[in-house]
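All residue numbers in this chain count up from 1 along the given sequence. Computed from a predicted model, the values in this text were never measured in an experiment.
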Amino acid sequence: MLCYNCGCRLSEHDFCTACGADVSLYKKVIHVSNMFYNEGLEKAGVRDLTGAVTSLRQSLKFNKNNVRARNLLGLVYFEMGESVSALQEWVISKNIRPRKNIAGEYIQKVQANAGKLEAINQTIRKYNRALSLCRQDSKDLAVIQLKKVLSMNPRFVRAHQLLALLYMDGQDWEKAERELRRCREIDRNNLQTSAYLKEVEQMLMPEEGARPSVRRRKDESVRYQSDNEIIIQPLNVKEPKSGGVSSLLNIVIGLAIGVGVTYFMVVPAAELKVRNEEQQVITRISSESDAKTARLQELESQIEGMNENVTVMQAQLESYVGVDGTLQNTETLLNALAAYMEAEDKAAGAAAAAAELDAISQRVNMEEMTEGFRRLYEAARGEILPEVAAAYLAEGNSLFDSRNYAEAAAAFELAYAYDAGNEEALYQMAQSYRFIGEDEKAIAAYDKVIELFPDSWRAERSRNYRAQLAGG
């Protein structure tokens, strides 16, 4: 036994030798829980399953972590046909003790057999269906459902009891007794079974010491009980007075017996045949209903899948036609190209188109766009941006010649931004920065000229200017 506070093993003392916690009451609780567990184990051994369930539940009330009691309770439930309750107890036990717990093997054996697991689910559904049919007063259909349940799970005690109740309601006492006897073979001391069986036995056999029951039959006989024997005595039997009268009486009796045999044997056989045919029709209708229900569920699943596909397709369509969709961005790109081509002032048109291209590049992810869109975009940049760069280069040279070096540097910087291969724009930007005293920007621009155009005369001059700025 382990301490509830620190988990150390307890000794014979009423306190924990490790943490000092008072464990006297805790020991009594664990002892009572183990006592109820042992009692449940003994009852389960003699097939008193109901009593075992009661004792094991008491054990778990005192100690919900009693894994042995919980595993045994699951086994008892499984023996009674309560597979769902059994799995519930084993799952709880597995969560309490994940390792070295036999409940894991029980769960694995049930889950490994897919057919057995499906049969358990079908059993519960059909049993619930039978209960619903009973409430709807469709007792014949309920009997059919319960027979299906018991064919899949013969040890389902509640199904046997409900079927016996239906037989009792239809006054079919012998079948009810048979079902209750089967319940008793599974669970010997089930109080509900005992109560039903007592009622059935009273209807099949009057109690001892009761007033003899007399019932007239159509064959004019009296049936009564004396002690433990049933005596059938014919009525109105008289000794024959003469041979002729006796012969006539025998003929009459023979005719009566023939009529009785016809009434009591032939007619019931015909009625039984009709009932069997009706039962077959009901069984066929029930099977067709189950098949239609399964088909309906399958169609509902397909509809759900189609709805999900529609949602995905709508999202894809939105990505094409929405505000930021492919079609909208393509339309914007085409409008920009059209405005550039129709502009009378090509420089202004090119600048506006370039601004629109920059806006498109910031708004969309080019890797996610179509190949045609990317090709059109790159072609537009190749056509428009060099022209914009040339306009800014001309503007920068004009400003440079008028010694407005600060604004010239800004113009050259834009020219280089729109055309990264423009050596003149890069060199003139470096010169402008040198004249306005921004040496670091000038050196950075000279370095790019040297790096990108190492064999040009501008690169040679850039090396000289850079050396002057770095040395100065």
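In this structure, Y392 and Y418 have parallel ring planes: the angle between them is below the 30° cut-off, well short of the 60° mark. Using the six-membered ring where Trp is involved, F156 and Y127 have ring planes that are tilted, between 30° and 60° apart.
One distance of note links CG of L141 with CG of L146; it measures 11.0 Å at 0.5 Å rounding. Interatomic distance, L73 CG to E82 CD, rounded to the nearest 0.5 Å: 11.0 Å. In this structure, CD1 in I186 is found 9.0 Å from OG1 in T193, a value given to the nearest 0.5 Å. The CD atom of Q145 sits 6.5 Å away from atom CZ of R129, with the distance rounded to the nearest 0.5 Å. Atom-to-atom distance recorded for L163:CG and R158:CZ is 14.5 Å, nearest 0.5 angstrom. How far CZ of F36 is from CZ of R57: 14.0 Å, rounded to the nearest 0.5 Å.
Two residues are said to be in side-chain contact when any heavy atoms from C-beta on lie closer than 4.5 Å; L197 and E177 meet this criterion. Within the 4.5 Å cutoff, side-chain heavy atoms of L60 are placed close to those of E89. Annotation: side chain of N71 is in contact with side chain of N101 (closest heavy-atom distance under 4.5 Å). Side-chain contact between M168 and M203 is absent, with no heavy-atom pair separated by less than 4.5 Å. A 4.5 Å side-chain heavy-atom check between H160 and L180 finds every atom pair outside the cut-off. With a 4.5 Å cut-off on side-chain heavy atoms, W173 and Y167 do not count as touching. Here the side chains of D48 and R188 are not in contact, with every heavy-atom distance at 4.5 Å or above. The side-chain heavy atoms of C134 and K139, taken from C-beta on, include no pair separated by under 4.5 Å.
Ionic pairing of E39 and K43 is present here: one or more N-O contacts between side-chain nitrogen and carboxylate oxygen are shorter than 4.0 angstrom. E185 and R178 are not joined by a salt bridge, as no carboxylate oxygen comes within less than 4.0 angstrom of a charged side-chain nitrogen.
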Step-by-step salt bridge (Lys or Arg N to Asp or Glu O under 4.0 Å) determination, E179 to R182: CA-CA 5 Å; E179 294 299 327; R182 290 173 181 171; 3.3 Å; yes
Verdict with reasoning, L75 to E79, per side-chain contact (heavy atoms from CB on, under 4.5 Å): CA-CA 6 Å; L75 287 174; E79 183 66 15; over 6 Å; no
Pair T50-D187, side chain to side chain donor-acceptor pair (under 3.5 Å): steps then yes or no: CA-CA 7 Å; T50 302; D187 186 5; 2.2 Å; yes
Steps toward side-chain contact (heavy atoms from CB on, under 4.5 Å) verdict (Y106, F78): CA-CA 10 Å; Y106 298 153; F78 197 81; over 6 Å; no
Evaluation steps, side-chain contact (heavy atoms from CB on, under 4.5 Å), between L385 and D419: CA-CA 7 Å; L385 297 188; D419 185 4; over 6 Å; no
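Scanning all heavy atoms of the two residues, the minimum distance from L133 to A142 falls at CD1-N, 3.7 Å. The nearest pair of heavy atoms linking A159 to L150 is CB-CD2, 3.6 Å. Across all non-hydrogen atoms, the minimal contact from A176 to A164 is CB-O, 3.6 Å. Smallest separation of non-hydrogen atoms from K100 and R97: O-CD, 3.7 Å. The two residues S83 and N153 make their nearest non-hydrogen contact at OG-ND2, 4.3 Å.
Within 6.0 Å of CD on E174 lie no more than 12 heavy atoms contributed by other residues, nucleotides or ligands.
For the pair S59 (side chain) and S33 (backbone), a donor-acceptor distance under 3.5 Å is present. For D169 (side chain) and L165 (main-chain N/O), no donor-acceptor pair under 3.5 Å exists by modelled atom type.
Under the side-chain contact (heavy atoms from CB on, under 4.5 Å) criterion, Q192 pairs with Q161, N190, Y196, sequence neighbours left out. For S85, there are no side-chain hydrogen bond (donor to acceptor under 3.5 Å, both in side chains) partners at least two apart in sequence or on another chain. Partners of K64 by side-chain contact (heavy atoms from CB on, under 4.5 Å), not counting sequence neighbours, listed by chain and number: R70. With sequence neighbours left out, the side-chain hydrogen bond (donor to acceptor under 3.5 Å, both in side chains) criterion links S132 to Q136. Listed by chain and residue number, nothing satisfies the side-chain hydrogen bond (donor to acceptor under 3.5 Å, both in side chains) test with K448 (two or more places apart in sequence, or in another chain). Here R68 pairs with N34, Y37, N66 under the side-chain contact (heavy atoms from CB on, under 4.5 Å) rule; sequence neighbours left out.
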